[in-house]
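As the structure is a prediction and not an experimental result, all values here were calculated from the model. In the text below, chain A, chain B and the rest are named by the order of the sequence lines, each starting its count at 1.
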2 protein chains.
Amino acid sequence: MDATVWPASLPEDLRAHLPEGLADGVFPAGCPSRTVLDHITSKWGVLILLALSEGEQRWSELRRRAEGISEKMLAQTLKTLERDGLVLRKAQPVIPPRVDYSLTQRGYELSGLLVPLVTWAYNNADDILNGER
Amino acid sequence: MDATVWPASLPEDLRAHLPEGLADGVFPAGCPSRTVLDHITSKWGVLILLALSEGEQRWSELRRRAEGISEKMLAQTLKTLERDGLVLRKAQPVIPPRVDYSLTQRGYELSGLLVPLVTWAYNNADDILNGER
DNA sequence: TAAGGTACTCACCTTTTGGTAAGTTGTGGT
DNA sequence: ACCACAACTTACCAAAAGGTGAGTACCTTA
């Protein structure tokens, strides 16, 4: 296998060169990166991360923000993201309960990469779904 | 609601500001961007896009590359990506059959955003899954 | 002659994901 | 006295995603 052979038909500036070791690290089944990728690219994971990238928000705000999410999925998604060290949970001992969620530093790193992706999806969604080139 | 109020506890340089209109466009249920986002962040979609970012590849190469994918899912994923105008399918009328897949210009745009994300996941996967801060 | 590669599709079944509705706890409002 | 609110959990069910194994057509290699 010769890694220097690129399809001649593709414009030079469009090619994405994979960083050293990425391919070997991501493509194998059951590798850690696949698990993490599954967490952060999950249906609701992206939306919650995106919402929190605007700043700390409480449970009920997130629920209204990510329109269509069920309470079960919000709880589940937040738990996963918290376990992964992407989201910080701050529970106030007050009545009625108040819990604030925010991104950790790691979470902000991630959301910095997620925002361009979502922006692109937002800008291209109509063309893509209408079958326009 | 005051958009200028940011959590004071977060370092200025970590905040990700959402582009104008993004929040309204992405958060509503059933909006086009959610559909597109689901396609490209699907379990196998990311891997296929990533593999193709290295250049044109044929069916059997992709199958071996994205370790663990079934033929059914490879076919399905490629079809979705082709319909979305991200992947180009070139079938040679030869025996045995030969079909080459490559990214379209739109696909390369996307993979340019996907690569940093996957790279980040790859670099942070072990820390995340081991519960390290 | 038989097996194997190539790029698929199809039918069937399992696993995962996600939704619904109810229950919980304690206080404040009517 | 009773309902609502907040942030959840739990049990149950439906839907979607995904895997398995077979079949297809034709040629090449052993």
Side-chain angles (χ1 to χ4, degrees), chain A residues 1 27-31 34-49 51-52 56-84 87-102 129, chain B residues 1 26-31 34-49 51-52 56-84 87-102:
Chain A
M1 202 191 301
F27 291 117
C31 64
R34 286 235 196 137
T35 306
V36 171
L37 224 38
D38 281 350
H39 290 182
I40 63 188
T41 63
S42 72
K43 173 166 184 172
W44 298 113
V46 181
L47 273 322
I48 296 300
L49 254 6
L52 288 177
E56 187 175 78
Q57 277 160 79
R58 54 192 300 195
W59 165 276
S60 48
E61 289 174 309
L62 288 172
R63 181 156 164 46
R64 278 187 289 267
R65 204 75 198 291
E67 211 179 272
I69 197 172
S70 64
E71 302 200 327
K72 181 186 150 189
M73 286 317 294
L74 180 54
Q76 204 176 103
T77 305
L78 284 170
K79 252 182 206 163
T80 303
L81 296 177
E82 201 196 346
R83 256 201 315 272
D84 287 350
V87 161
L88 192 69
R89 181 180 183 273
K90 275 179 287 183
Q92 253 89 293
V94 296
I95 298 260
R98 179 193 177 102
V99 183
D100 291 310
Y101 291 92
S102 54
L129 297 182
Chain B
M1 202 189 301
V26 168
F27 291 117
C31 66
R34 286 236 196 138
T35 307
V36 171
L37 222 39
D38 281 350
H39 290 180
I40 64 188
T41 63
S42 72
K43 174 166 181 169
W44 297 114
V46 181
L47 271 324
I48 296 301
L49 254 7
L52 289 177
E56 186 174 78
Q57 276 160 79
R58 53 193 300 193
W59 166 276
S60 48
E61 288 174 308
L62 287 172
R63 181 154 165 48
R64 278 187 289 268
R65 204 75 199 291
E67 212 179 89
I69 198 173
S70 65
E71 302 200 325
K72 180 186 152 188
M73 287 317 295
L74 179 55
Q76 205 177 102
T77 304
L78 284 170
K79 252 182 206 162
T80 302
L81 296 177
E82 201 196 344
R83 257 201 313 272
D84 287 350
V87 161
L88 191 70
R89 180 181 183 273
K90 276 179 285 182
Q92 252 89 296
V94 296
I95 299 259
R98 178 192 178 105
V99 183
D100 291 310
Y101 291 92
S102 54

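Out of dT20(D), dA6(D), dA7(D), the shortest distance to the side chain of P96(A) is found at dA6(D). Comparing dA7(D), dT9(D), dA7(C) against the side chain of P97(A) picks out dA7(D) as the nearest. Taking every side-chain heavy atom of M73(A) into account, dG19(C) is the closest of dA6(D), dC8(C), dG19(C). Closest approach to the S60(B) side chain among dA7(C), dG19(C), dG18(D) is made by dA7(C) (side chain taken as heavy atoms from C-beta onward).
Residues that satisfy the side chain to side chain contact (heavy atoms under 4.5 Å, CB included) test with T80(B), not counting sequence neighbours, are H39(B), R83(B), D84(B).
K43(A) comes within contact range of the sugar-phosphate backbone alone, with a heavy-atom separation under 4.0 Å but no base atom that close. In this structure, R63(B) reaches neither bases nor backbone, as no heavy-atom distance under 4.0 Å exists between it and the strands shown. Note on R98(B): only backbone sugar-phosphate atoms sit closer than 4.0 angstrom, heavy atoms only; bases stay farther off. Counting any heavy atom pair closer than 4.0 Å across all strands shown, S70(B) reaches a base atom.
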Inset, instruction - Please step through side chain to side chain contact (heavy atoms under 4.5 Å, CB included) for the pair T41(A) and I40(B), ending with a clear verdict. - result: CA-CA 9 Å; T41(A) 63; I40(B) 64 188; over 6 Å; no
Legend entry - Derivation of the side chain to side chain contact (heavy atoms under 4.5 Å, CB included) call for E56(B) and K90(B): CA-CA 10 Å; E56(B) 186 174 78; K90(B) 276 179 285 182; 2.7 Å; yes
Inset, instruction - Report the C-alpha distance between L47(B) and F27(A) in whole Å, list the side-chain angles of each, state the deciding distance to 0.1 Å, and finish with yes or no for side chain to side chain contact (heavy atoms under 4.5 Å, CB included). - result: CA-CA 7 Å; L47(B) 271 324; F27(A) 291 117; 3.7 Å; yes
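dA7(C) atom P lies 10 Å from atom CG of L62(B), rounded to whole Å. With rounding to whole Å, Y101(A) atom OH is found 12 Å from dA6(D) atom C1'. As rounded to whole Å, 14 Å separates atom P of dC8(C) from atom CD of Q76(B). Residue Q92(B) contributes atom CD, which lies 21 Å from atom P of dG5(C) at whole-angstrom precision. Taking atom CD1 on I69(B) and atom C1' on dG19(D), their separation rounds to 12 Å, with Å as the unit. Between W59(A) atom CH2 and dC5(D) atom P the separation is 16 Å, expressed in whole Å. Straight-line distance from the CG atom of L78(B) to the P atom of dT9(C): 10 Å, rounded to whole Å. Summarising the geometry, the separation between CD on E71(A) and P on dC5(D) is reported as 12 Å, rounded to the nearest angstrom.
Comparing the same atom, P, in dA7(D) and in dC3(D) gives a spacing of 22 Å after rounding to whole Å.
Residue-to-nucleotide proximity on DNA chain C shows that, of I95(A) and K72(A), the 5′-proximal contact is made by K72(A).
A sub-4.0 Å separation between OP1 or OP2 of dA7(C) and a side-chain N or O of R64(B) is absent. Residue R89(A) places at least one side-chain N or O under 4.0 Å from the OP1 or OP2 atom of dC8(D).
With L52(A) as the fixed residue, the side chain to side chain contact (heavy atoms under 4.5 Å, CB included) test singles out one of L81(A), L62(A), L88(A): L62(A).
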